[in-house]
Protein chains: 2
Amino acid sequence: MSKAVPAEKRASAKPTINDIARLAGVSKKTVSRVINQSPLLNEDTREKVKAVIRDTGYVPNPQARALALGRNFLIGIIHDNPNAQMILNMQQGILEALRDTEFEMVVRPVDRGSATMMDDIRSFIMRQRLYGVVIMPPISENDEIARLCRELGCRYVRMGSARLDDDAHMVASNDRDVVAEATRYLIAQGHRRIGLVAGPHGFRSARERREGFESALAEAGIRLPRNLIADGQYTFESGITATESLLDQSPPPTAIFASNDEMAAAVLYTARERGIAVPEELSIVGFDDTPIASRVWPPLTTVRWPIVAMGRSAALKLIRGLDSGDDEGGEPSTFLSTLVRRGSVAPPTRTD
Amino acid sequence: MSKAVPAEKRASAKPTINDIARLAGVSKKTVSRVINQSPLLNEDTREKVKAVIRDTGYVPNPQARALALGRNFLIGIIHDNPNAQMILNMQQGILEALRDTEFEMVVRPVDRGSATMMDDIRSFIMRQRLYGVVIMPPISENDEIARLCRELGCRYVRMGSARLDDDAHMVASNDRDVVAEATRYLIAQGHRRIGLVAGPHGFRSARERREGFESALAEAGIRLPRNLIADGQYTFESGITATESLLDQSPPPTAIFASNDEMAAAVLYTARERGIAVPEELSIVGFDDTPIASRVWPPLTTVRWPIVAMGRSAALKLIRGLDSGDDEGGEPSTFLSTLVRRGSVAPPTRTD
DNA sequence: TTGTATGCGTTATCAA
DNA sequence: TTGATAACGCATACAA
């Protein structure tokens with residue numbers, strides 16, 4: 001090919017694989033092998049090329065790689081989560097794992113109410129040729145999405161409150177266990193009439209937390225009257241309504257476990273509104289350890305799950321999937337949440 | 001689930017521009033012209049090709065376009081923001097603008113303390129060949145980053161509390177005005193000793209809010225003693241310290257304006273800790289209208305800025321930059337924040 | 001162990 | 001107004 005047409009390349013132009021090959025006196029393919037860490041390469045050649053790459057500051061063009069490989073170096077994060085802090089913590093964990101790799105993170109909020117949600121996700125994955133996706137709760141509980149990912153050949157990891165999938169596709173917390181622990185803590189403080197603000201029907205996390213709550217009561221031989229369970233939707237507003245129905249009982253509960261912090265904050269808010277002293281007349285336990293839990297007065301006893309670590313692990317599962325088929329000896333799949341004890345729990349001052 | 005969807009979407013058989021050209025009986029360049037809305041095209045040809053595109057469900061491959069064009073269809077969002085809700089609202093606004101376009105959003109948190117921050121941003125923009133970036137406060141106040149974007153030929157829009165750049169590169173709120181309004185509201189309630197929890201030095205938003213506060217006091221002829229100004233860092237913890245120093249004054253203020261909600265929550269927290277009744281003994285005003293403002297008791301009077309609309313506008317400024325050189329008659333650059341009155345303000349019960 | 005030729009899906013050049 | 005052909009930067013088969 002003649003060099004009549006192309007103009008003299010500017011010194012500032014980004015070097016390409018051709019420049020490296022020319023400067024190192026090898027073919028492009030050899031440079032490509034160095035980049036992709038091919039095992040069959042003479043060490044001297046490898047070092048020579050590496051030196052040129054260092055000197056020139058060469059970085060492979062991700063778009064060209066994406067085109068040639070038929071897939072992009074993008075990790076998607078799919079969520080329909082109202083909890084901003086959780087999403088950001090997850091993003092932080094994922095980005096920690098992606099730091100110093102060629103991957104970038106793209107975010108896609110979805111609307112579970114939308115009729116086109118599955119198609120949206122499909123075109124998101126297809127168009128961007130995503131390398132993999134991390135699916136956040138509660139949308140992660142939707143098995144359809146996991147099936148779609150498999151169908152499209154897109155790696156995925158789901159985050160959730162229980163094991164919904166095999167180890168390679170899951171980072172889970174032990175919601176049931178830790179809620180049982182939290183409930184035992186309330187019982188140990190002397191509480192017997194304990195109310196539950198449950199999460200929405202159909203949410204696995206809601207079920208896990210409820211079952212943990214119920215199992216701890218059963219284990220202590222405490223009967224749970226039906227009217228001490230109020231349904232919530234994980235929102236502050238629904239928490240208000242649920243709390244009102246609990247506090248209207250006679251006698252009212254001396255403690256309430258709310259299935260997330262939003263609703264726990266609503267319990268506290270409602271108690272204040274009614275002039276009920278917390279924790280003296282009413283103890284409260286939440287779940288998530290979002291910032292709000294530590295910013296209200298009194299600060300809320302709650303459950304903290306290691307979301308950043310889960311995000312990091314989820315991303316590593318995705319990008320490590322390259323070399324190791326299974327995940328044994330790799331990233332953990334279950335993460336232990338812990339009870340954080342703050343000022344919203346005290347022994348009951350009233351006994352019935 | 002999505003069986004009604006046209007079968008062309010199968011992963012195995014994605015049509016390419018060649019397929020469209022063959023089916024339409026034209027060259028690929030002509031198809032390319034249709035895709036890119038080239039003006040010099042026979043209408044009949046255009047319609048014919050469009051019909052084939054519709055029928056096949058053809059979608060151009062973004063990776064190939066990125067390679068050929070030398071730039072990607074990605075909008076970056078750069079932030080170093082501790083306020084999760086603000087980031088998510090911004091993301092929502094940007095995504096609303098990007099919906100039904102070929103653009104995707106990629107998120108990049110940065111660490112202003114890091115020595116490599118500028119290099120991180122540079123390589124982020126260069127490697128991904130970003131189409132444009134939205135820069136969130138407070139990092140948006142850094143003029144170096146704007147200069148870097150210009151140098152790299154990357155479009156950018158900054159979000160901030162004041163106009164730091166020209167219209168095409170800025171979405172700003174009127175912090176100074178609205179804080180003056182909030183302060184006048186406190187004065188109208190009868191407050192004279194009003195404390196300020198200021199934001200960090202060097203933050204433009206902190207300066208704007210402080211100046212709005214001071215101007216309203218000056219305008220009412222109220223002298224602001226030096227010891228009624230406490231420095232904060234926009235964090236809850238710093239708000240605690242600042243509030244303590246204010247409440248230790250004698251006499252203490254009857255109202256406090258905190259430069260963001262995190263610190264306003266800290267004011268409330270500290271007041272509760274000391275048994276000071278809010279709003280009877282102490283009125284509180286915050287800024288941001290984050291979820292926490294409406295979830296504490298009493299709910300906080302605060303300033304709400306239209307972040308979703310600002311995000312939408314920022315993204316539109318970026319992707320509209322194509323056809324219209326200037327931004328006249330286009331997206332607005334200034335957005336009006338509003339005072340949200342809740343229960344944390346009341347007339348003072350004590351007069352000095 | 002290394003190189004050559006070709007493909008990935010699109011856009012740009014320039015001639016028809 | 002349209003089309004043949006060459007980029008774009010990298011990876012893979014297949015040779016050497």
Side-chain angles (χ1 to χ4, degrees), chain A residues 1-7 9-10 13-50 52-53 56-73 102 126-129 131 322, chain B residues 11-50 53 56-73 102 126-129 131 322:
Chain A
M1 54 163 77
S2 91
K3 287 204 165 188
V5 179
K9 289 198 173 179
R10 290 174 309 164
K14 290 195 61 168
T16 74
I17 197 171
N18 288 308
D19 300 323
I20 306 303
R22 185 166 35 74
L23 289 172
V26 299
S27 74
K28 316 177 358 174
K29 180 55 196 171
T30 300
V31 179
S32 176
R33 287 201 177 92
V34 173
I35 295 169
N36 295 296
Q37 310 182 29
S38 162
L40 18 79
L41 248 183
N42 185 305
E43 268 312 310
D44 294 345
T45 313
R46 186 194 302 279
E47 285 311 317
K48 185 173 59 180
V49 174
K50 273 191 168 176
V52 175
I53 289 178
T56 54
Y58 166 71
V59 179
N61 180 320
Q63 286 76 44
R65 301 191 74 188
L67 179 58
L69 287 168
R71 69 180 145 72
N72 224 326
F73 289 89
E102 57 210 326
M126 293 281 285
R127 285 193 41 179
Q128 294 300 324
R129 301 289 199 289
Y131 185 90
L322 259 176
Chain B
S12 53
K14 280 203 70 160
T16 73
I17 198 171
N18 287 308
D19 301 324
I20 306 303
R22 185 166 33 75
L23 289 171
V26 298
S27 75
K28 29 195 260 192
K29 181 57 195 171
T30 299
V31 178
S32 176
R33 287 199 178 94
V34 172
I35 294 169
N36 296 293
Q37 310 181 29
S38 162
L40 19 79
L41 249 183
N42 185 306
E43 268 313 309
D44 294 345
T45 313
R46 187 194 303 276
E47 286 311 317
K48 185 172 60 179
V49 173
K50 272 190 169 177
I53 289 179
T56 54
Y58 165 71
V59 179
N61 180 319
Q63 286 75 45
R65 301 190 76 189
L67 179 57
L69 287 168
R71 69 179 146 71
N72 224 326
F73 289 90
E102 57 212 327
M126 292 281 283
R127 285 193 41 177
Q128 294 301 324
R129 300 286 200 289
Y131 185 90
L322 260 176

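Every heavy atom of this structure was used, including side-chain atoms; hydrogens, water molecules and symmetry mates were not. A note on names: the letters A, B, ... follow the listed sequences, proteins ahead of strands, and every chain is numbered from 1.
Between dG3(D) and S27(B), a contact under 4.0 Å exists linking OP1 or OP2 to a side-chain N or O. For the pair N61(B) and dC8(C), the criterion of a side-chain N or O lying under 4.0 Å from OP1 or OP2 is not met. Close to dG3(D), at under 4.0 Å from its OP1 or OP2, lies a side-chain N or O of T30(B). A sub-4.0 Å separation between OP1 or OP2 of dC10(D) and a side-chain N or O of S32(A) is absent. Checking the phosphate oxygens (OP1, OP2) of dC10(D), no side-chain nitrogen or oxygen of R65(A) falls inside 4.0 Å. Distances shorter than 4.0 Å separate none of the side-chain N or O atoms of N18(A) from OP1 or OP2 on dG9(D). Close to dT2(D), at under 4.0 Å from its OP1 or OP2, lies a side-chain N or O of T45(B).
Taking for each of K28(A) and R33(A) the nucleotide of DNA chain D with the nearest heavy atom, the 5'-most of the two is the partner of K28(A). Each of L69(B) and G25(B) lies near DNA chain D, and the nucleotide nearest G25(B) is the one positioned closer to the 5' end. Positionally, the nearest nucleotide of DNA chain C for L67(A) lies more toward the 5' end than for the other of L67(A) and V31(B).
Residues R129(B) and N61(A) form a side-chain contact, since some pair of their non-hydrogen atoms from C-beta on lies under 4.5 Å apart.
Closest contact between the side chain of N36(A) and the listed nucleotides dT10(C), dA11(D), dG3(C) involves dA11(D). Nearest nucleotide to the side chain of N42(A), out of dG9(C), dT1(D), dT2(C): dT2(C).
Between the CG atom of L41(B) and the C1' atom of dT2(D) there is a distance of 9 Å, rounded to whole Å. dT10(C) atom P lies 19 Å from atom CZ of R129(B), rounded to whole Å. Following rounding to the nearest Å, I35(B) (CD1) and dG9(C) (P) show an atom-to-atom distance of 13 Å. Between the P atom of dG9(D) and the CZ atom of R127(B) lies a distance of 16 Å, rounded to the nearest Å. To the nearest angstrom, P of dG9(D) lies 17 Å from CZ of F73(A). With rounding to whole Å, Q63(B) atom CD is found 15 Å from dA11(D) atom P. Between R46(A) atom CZ and dT1(C) atom C1' there is a gap of 11 Å when expressed in whole angstrom units. Nucleotide dT10(C) holds its C1' atom 12 Å from the CD atom of E102(B), rounded to whole Å.
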Is there a side-chain contact (heavy atoms from CB on, under 4.5 Å) between K28(B) and D19(B)? Walk through the geometry before answering. CA-CA 9 Å; K28(B) 29 195 260 192; D19(B) 301 324; over 6 Å; no
Go through the steps to decide whether Y58(A) and I17(A) satisfy the test side-chain contact (heavy atoms from CB on, under 4.5 Å), and finish with yes or no. CA-CA 8 Å; Y58(A) 166 71; I17(A) 197 171; 3.7 Å; yes
Please test Q63(A) against Q128(B) for side-chain contact (heavy atoms from CB on, under 4.5 Å), starting from the C-alpha separation and ending with a verdict. CA-CA 8 Å; Q63(A) 286 76 44; Q128(B) 294 301 324; 4.1 Å; yes
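At most 12 heavy atoms of other shown residues, nucleotides or ligands fall within 6.0 angstrom of atom NZ in K50(B).
Between E102(A) and R127(B), none of the side-chain N atoms (NZ, or NE/NH1/NH2) sits under 4.0 Å from a carboxylate O, so this pair counts as no salt bridge.
Residue contacts for I17(B): at a heavy-atom cut-off of 4.0 Å it reaches a base atom on one of the strands shown.
The base of dA12(C) sits with one of its N or O atoms less than 3.5 Å from a complementary donor or acceptor on the side chain of K29(B).
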